[in-house]
Amino acid sequence: MGYRIPEETIEKIRISVDIVDVVSEYVQLKKQGRNYFGLCPFHGENTPSFSVSPDKQIFHCFGCGAGGNVFSFLMDLEGYSFSEAAINLANKVNIDLSDYEQPTAVSDKNNEASKMQEAHELLKKFYHHLLLNTKEGQPALDYLTNRGFTREIIDKFEIGYALDSWDFATKFLQKRGFRPELMERAGLLVKKEDTGTFFDRFRNRIMFPIWDHQGKTIAFSGRVLDKGQEPKYLNSPETIIFNKSKTLYNFHQARLAIRKQQQVVLFEGFADVIAADTADVPNSIGTMGTSLTDEHVKIIRRNVESVVICYDSDNAGLDAALRASTMLGEAGCYVRVATMPNGMDPDDYIRKYGAEKFKNDVIGASLTLMAFKMQYLRKGKNLQDEGDRIRYIEDVIKEISSLEKAVERDHYLRQLSSEFSISLDALKTQQLQYYKSERKKRDNFSSNRNNTKAKPAVSKHLLKAYHNAERYLIAYMLRSRDIAEKIQDQLQAEFNIEEHRAIVTYLYAFYEEGFEPDISTLLTRVHDESLKRIVTDIAMMSIEEEVSDSVLSDYVKQVLNHKKMSMIKEKESEQLEAERSKDYLKAATIANEIIQMKKALI
């Protein structure tokens, strides 16, 4: 069964939380005028159309129409129920909801995802204890210490140790009420096919917890201690709480540093992230044993524009860096690529050369995306050979042709000209040919992409006069109780648009309950998502601070006259039908009615 948090507690949470702070945990916001803008988390875009109003405590996307208050933001983005969103926000501002949480907590005991997370949290703490406080964990602790892991790093990343036992975790979880079948689906246990019994997935391994972006433990990666043990790293399988394509390691801890430095450093795995953190690169995140995905790119772009990619320096790492840099560049990120001596990974480099050299000579000396591509295209070519040299120059010119800025194109063409003693004019001519060819291909693609799924977008067609008039009336009514009362006296709820009638009905009731104008509070009482979007869209309209009675009266006339004009058109149709039927008396009667109706127009 659900439960109800009292209205006054909801209001206390709402006024204690700043929507800008909450949204900033998910979206990189920049202040423009009175509002903040960023890339919409609800649809893909490269130009910010997502707006957050600190004055009104609401958000609205001018691209896809998403909108609401701080509760609906979390509900839409995280899939929370209203109660879950309220609990999440209450925790941020230290409001105690323990008196109201019990029924949901009991309900959550039967929720698979909740139980899986609970089991992971419990095992994480136990593994951490075993590493630091037991003789069984001492060899693992010695290994980490010898690898340069300090107690601070071990604690920060909550590293632990899984005992060399087939059933210790199994019994540990069963004693605490966790069903083995569920723990198998959570990836913590393995079921024997022949006997149906369960055993521990992780045994005699150093345990690295994997967190979601809110810091909840959702998986593990276990590293071997014995050289003969395989595989070197054993990762949790994907589950309902762990999806590698949506998980970026250390994101929850790096978020503040990313925001502060306005840059993120991206690694291929968690070991490199931990090594980078020890080298004072706290804005480090990593993928989880998978290539960078579109979901990863969306998460990164929502939070930051500048990305440094630091992958392994072998061929596979360079290939992955090129692919990742292309994806991030297409998403609107400014990308640089950090490179190291051939065959080294970031962890190796830091242990060999030290933190300072890594920060300065690797991260600090990262290449622009185009410079990296030029370096990458040299791979496998002998530039002393005429054929390889010409092929390399052609490949680079093709890449230069894709650059948007003329200054960049000129810069790299001059580099080519200088290095290979080729006339700049010849290079520019070749580059222009490639540019025209590519543009023609893009134009052909654009005209033949009937099967391409369009992004969700708000219709931009011009609204009719009465429709605009209703929106402006509601905008002023949302801002002023007095104006709302004036409009109620003149119109009641006789708006022409059905959604507008519903909104003003909510608004009249809101003011009658004694509330002062507050859009965020009003939205907690509007349960229809489409209405919430319309309210936030109207609330974000640019209107005058003061409005005269004559302006309001003109809007009211537009609203009333539309209904009357609709009735006149109906009468004119009836008149025409009467004339066709040669019922001239009826036609004359209707004509007289039309004259009277037109006179009644305001």
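Keep in mind that what you see is a predicted model, and the values were worked out from it rather than measured.
Remark: Arg351 fails to qualify as a cation-pi partner of Tyr349 under the 6.0 Å distance and 45° angle criteria applied to the six-membered ring.
No more than 12 heavy atoms of other residues, nucleotides or ligands shown are found within 6.0 angstrom of NZ on Lys12. A 6.0 Å sphere centred on CG of Asp142 holds more than 12 heavy atoms belonging to other residues, nucleotides or ligands. More than 12 non-hydrogen atoms from other residues, nucleotides or ligands lie less than 6.0 angstrom from CD of Glu8. The local environment of NZ in Lys381 is crowded, with over 12 non-hydrogen atoms from other residues, nucleotides or ligands closer than 6.0 Å. Counting non-hydrogen atoms of other residues, nucleotides and ligands closer than 6.0 Å to NZ of Lys125 gives a total of 12 or fewer.
For Arg151 and Asp155, the salt-bridge test passes: some basic side-chain N is under 4.0 Å from an acidic carboxylate O. In summary, Glu184 and Lys191 do not engage in a salt bridge, as defined by a charged side-chain N under 4.0 Å from a carboxylate O. Comment: Glu11 engages Arg14 in a salt bridge, judged by a side-chain N to carboxylate O separation of less than 4.0 angstrom. For Asp226 and Arg205, the salt-bridge test fails: no basic side-chain N is under 4.0 Å from an acidic carboxylate O. Asp348 and Lys352 are not joined by a salt bridge, as no carboxylate oxygen comes within less than 4.0 angstrom of a charged side-chain nitrogen. Salt-bridge formation is not detected for the pair Glu238/Lys244: no Lys NZ or Arg NE/NH1/NH2 atom is positioned less than 4.0 Å from an Asp or Glu carboxylate oxygen. The residues Lys115 and Glu112 are annotated as not salt-bridged, no charged nitrogen and carboxylate oxygen being separated by less than 4.0 angstrom. Using a 4.0 Å cut-off between a side-chain N of Lys or Arg and a carboxylate O of Asp or Glu, Glu399 and Lys373 qualify as a salt bridge.
Looking at Gln57, its side chain does come within 3.5 Å of a backbone N or O of Pro54 through a donor-acceptor pair. A donor-acceptor contact shorter than 3.5 Å is absent between the side chain of Ser72 and the backbone of Met75. Side chain of Asn360 to backbone of Gly364: no donor-acceptor contact under 3.5 angstrom is found. The backbone N or O of Asp314 sits nowhere less than 3.5 Å from a side-chain atom of Asp312 that would complete a donor-acceptor pair.
With values rounded to the nearest 0.5 angstrom, His120 atom NE2 is found 13.5 Å from Lys216 atom NZ. The line from OG of Ser16 to NZ of Lys92 is 13.5 Å long, rounded to the nearest 0.5 Å. Rounding to the nearest 0.5 Å gives a distance of 11.0 Å between OG1 of Thr287 and CZ of Phe267. Rounding to the nearest 0.5 Å places CG of Asn91 at 12.5 Å from CD of Gln214.
In summary, the side chains of Glu78 and Tyr26 do present a donor paired with an acceptor at a separation below 3.5 Å, with no hydrogens or angles considered. Under the 3.5 Å distance criterion, with hydrogens and angles disregarded, a donor-acceptor pair is assigned to the side chains of Thr217 and Glu121. A side-chain donor from one of Tyr376 and Asp319 sits under 3.5 Å from a side-chain acceptor of the other.
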Applying side chain to side chain donor-acceptor pair (under 3.5 Å) to Asp277 and Ser284, what does each step give before you reach the verdict?
CA-CA 7 Å; Asp277 193 88; Ser284 303; over 6 Å; no

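Ring pair Phe73/Phe42 is perpendicular by interplanar angle, where above 60° counts as perpendicular and below 30° as parallel.
Among Phe202, Phe220, Phe168, the single residue meeting the ring pair (Phe, Tyr, Trp, His ring centres under 6.0 Å) criterion with Phe126 is Phe168.
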